[in-house]
Amino acid sequence: MASSKMALKLCLIFCIISTSTSYSYEDTQTSLFIAQARQCFPKHFLFGVATASYQTEGAWNTSGKSESIWDRYTHKFPDRVFDHNNGDTADDSYHLFRKDVKLMKDIGVQFYRFSVSWTRLLPSGFSNIVNPAGVRFYTELIDELHKFDIQPLVTMYHWDLPQTLQELGGWTNPLIADYFVDYARMLFKTFGHKVKSWITFNEPLTFCREGYGGDDAPGGRSSGLETYMCGHNVLRAHGMVYRMFEKEFKNNTGATVGISLDLAWMEPATTSVEDRNAAETARQFVFGWFANPIFSKKGDYPKVMRQRIDEISHRQHFPRSRLPKFTKEEIEFIKGSADFLGLNHYTTYLASKSSVRPNMEPSFDADMGVALTQKPDWPKTNSTWLKVVPWGFRKTLNWVKNTFDNPIVVITENGVSTEPGLRDTKRVKYIDSYLRSLLAAMKDGCNVLGYTHWSLLDNFEWMRGYSERFGLYEVDYTSPNKTRSPRLSATFYSKIVRSKCIPAQKKLIFKP
Ligand code: GBH
């Protein structure tokens, strides 16, 4: 009785009245509610952390590495990056990788998602010359991971294209698909005996839309044209790599190849049919664009993309659609070319029909024709685009399940930016609420095998430089050895990873 009185007293001082009672249960002894119950993932569920080469490695021109489009772009246009910074040294993980692996071991993760730098391995961009120092670096990293029983999940392409290939048109040149296959074959040959899970591309939507029609490297400003050429060649390249993998490497190795696509949840702004259609159109443009050719029964681009882009191209007097066409053979070839779907999910938007009519200027956004906003009362983060909307995660996963016949999904990114500092209670809450939403989706029948937190460390956040912090570990960029310090969230995530359970929330509320 004494302790329950004590709890009551504490409660009167500290209690936060929560309206979310969906998981609450009554603790009859103390007459208090526990706001969120302990909830567990299946025993075989896997937890990991993620990074990407340009964002963390640094050593941009060390030991034979050549220039990537992000090296070139940040050096040439420092003003375009928010804090005028670049990834030249980043977290210096090239030299500090053993420390990083130690941090992962401290958390207790089962796998590490990282990307390999194409220009570190193949300085000419082509597979005619392999850089031994690059091979040595990734071999040592992978061996270090295995030493601690952490499985590598390797992304082949997280946006750092060799500058040499950019000069030949980059992803708009159809021949790049062959060069990507050569690169992938080198990876399978060199690391295939140590790496069992691969991701061909990270977020083609982002690098095709922002790289060829926005602000990201290489800084192409040809939205609605190069954007689709990029997407087309990425899809061809992905399909070709997968078929090559099947033929030359898969056999009985148990190895798998997937692709990581990002999908923010698109919620209709109102219940009107127009807004509901707008939301579905948005999902198809930002996700179906890549998911439909690979994961749908019919293959090919989503119908709504085909229709809208064909029609708008025609109105703009293009004699052919700006969205390229696959041959029948290509459709069959690309269809089914993945063992799992990597899903990156961060936030939610409200979708409504755009009132801006497409003009003569080709543009991806005008082709989509959807206005995207966010509710002002959704909790803010340190990224303008990222609002905390955990229920969007469950909806995203259910939509993927229903649209693509319940594919095998691995969450390959999810996370949030916070203020610098170690007391990141916002990240703790984000992880707690998004993981509860993920569990709810799994109870709905979504086939999710694992979860990857973005990111292990603070890192170079592309056009936002080092101003956005996504790490479970803080990186002190002013210290010569880029000191890493655990945030509260590192401890919290570790608890979850080790127990496979989300702990009950300690906040008690008085029984009304
Ligand atoms: C991920 O993309 C990336 O894969 C990862 O490298 C990155 O570190 C992580 O996000 C966190 O940012 O500034 O309004 O133009 C997530 C999808 C797409 C979200 C591009 C941000 C830019 C919005 N991203 N988007 S805006």
Side-chain angles (χ1 to χ4, degrees), residues 48-57 68-70 74 80-83 85-87 90-91 93 113-117 153 155-161 199-217 219 221 223 227 234 258-266 282-283 285-287 289-290 342-349 364-365 368 371-374 380-389 392-393 396 410-418 427 430 434 452-473 475:
V49 286
T51 63
S53 49
Y54 185 70
Q55 297 180 270
T56 53
E57 280 178 12
S68 81
I69 55 172
W70 276 93
T74 54
R80 290 198 193 165
V81 180
F82 177 76
D83 57 6
N85 240 311
N86 56 50
D91 297 344
S93 289
R113 177 183 176 220
F114 64 96
S115 80
V116 281
S117 155
L153 167 57
T155 310
M156 298 175 178
Y157 186 79
H158 201 123
W159 311 355
D160 43 357
L161 188 74
I199 290 164
T200 53
F201 291 100
N202 181 65
E203 298 187 0
L205 169 79
T206 308
F207 72 82
C208 289
R209 184 189 188 181
E210 307 293 334
Y212 291 91
D215 279 335
D216 286 8
R221 298 289 165 92
S223 181
T227 311
V234 163
I259 184 167
S260 283
L261 307 177
D262 56 314
L263 179 57
W265 177 242
M266 302 292 176
R283 289 171 212 137
F285 266 76
V286 302
F287 190 81
W289 179 13
F290 296 98
L343 182 73
N344 296 357
H345 175 84
Y346 288 87
T347 193
T348 288
Y349 292 93
F364 176 89
D365 288 0
M368 178 164 74
L372 298 176
T373 57
Q374 289 178 311
K380 291 186 181 51
T381 67
N382 264 33
S383 307
T384 50
W385 55 275
L386 208 174
K387 304 285 182 313
V388 184
V389 194
F393 200 9
T396 301
V410 177
I411 306 303
T412 43
E413 282 181 33
N414 173 249
V416 67
S417 62
T418 56
R427 182 173 287 103
Y430 182 97
Y434 272 70
T452 322
H453 193 75
W454 182 276
S455 176
L456 172 68
L457 301 165
D458 290 342
N459 55 56
F460 181 73
E461 267 300 327
W462 311 110
M463 302 314 281
R464 311 297 300 169
Y466 297 98
S467 71
E468 292 182 4
R469 306 296 191 110
F470 276 82
L472 296 168
Y473 285 84
V475 176

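As the structure lists them, so they are numbered: ligands from 1, and atoms in each ligand from 1. Treat the numbers as computed from the prediction; the structure is a model and nothing was measured.
Between Phe470 and Trp385, the angle of the ring planes stays under 30°, which puts this pair in the parallel group of the 30/60° scheme. Using bins of under 30°, 30° to 60° and over 60° for the plane-to-plane angle, the ring pair Phe460/Trp70 lands in the perpendicular bin. Ring planes of Phe207 and Tyr157: perpendicular class, angle over 60° (limits at 30 and 60°).
A salt bridge does not link Asp215 with Arg209: none of the charged nitrogens is closer than 4.0 Å to a carboxylate oxygen.
Closer than 4.0 angstrom to ligand 1 by heavy atom are Gln55, His158, Trp159, Asn202, Glu203, Thr206, Asp262, Tyr346, Trp385, Glu413, Trp454, Glu461, Trp462, Phe470, sorted by chain and number.
A side chain to side chain contact (heavy atoms under 4.5 Å, CB included) with Phe287 is found for exactly one of Leu205, Thr396, Leu261, namely Leu261.
Using modelled atom types, no side-chain atom of His453 and backbone atom of Val49 make a donor-acceptor pair closer than 3.5 Å.
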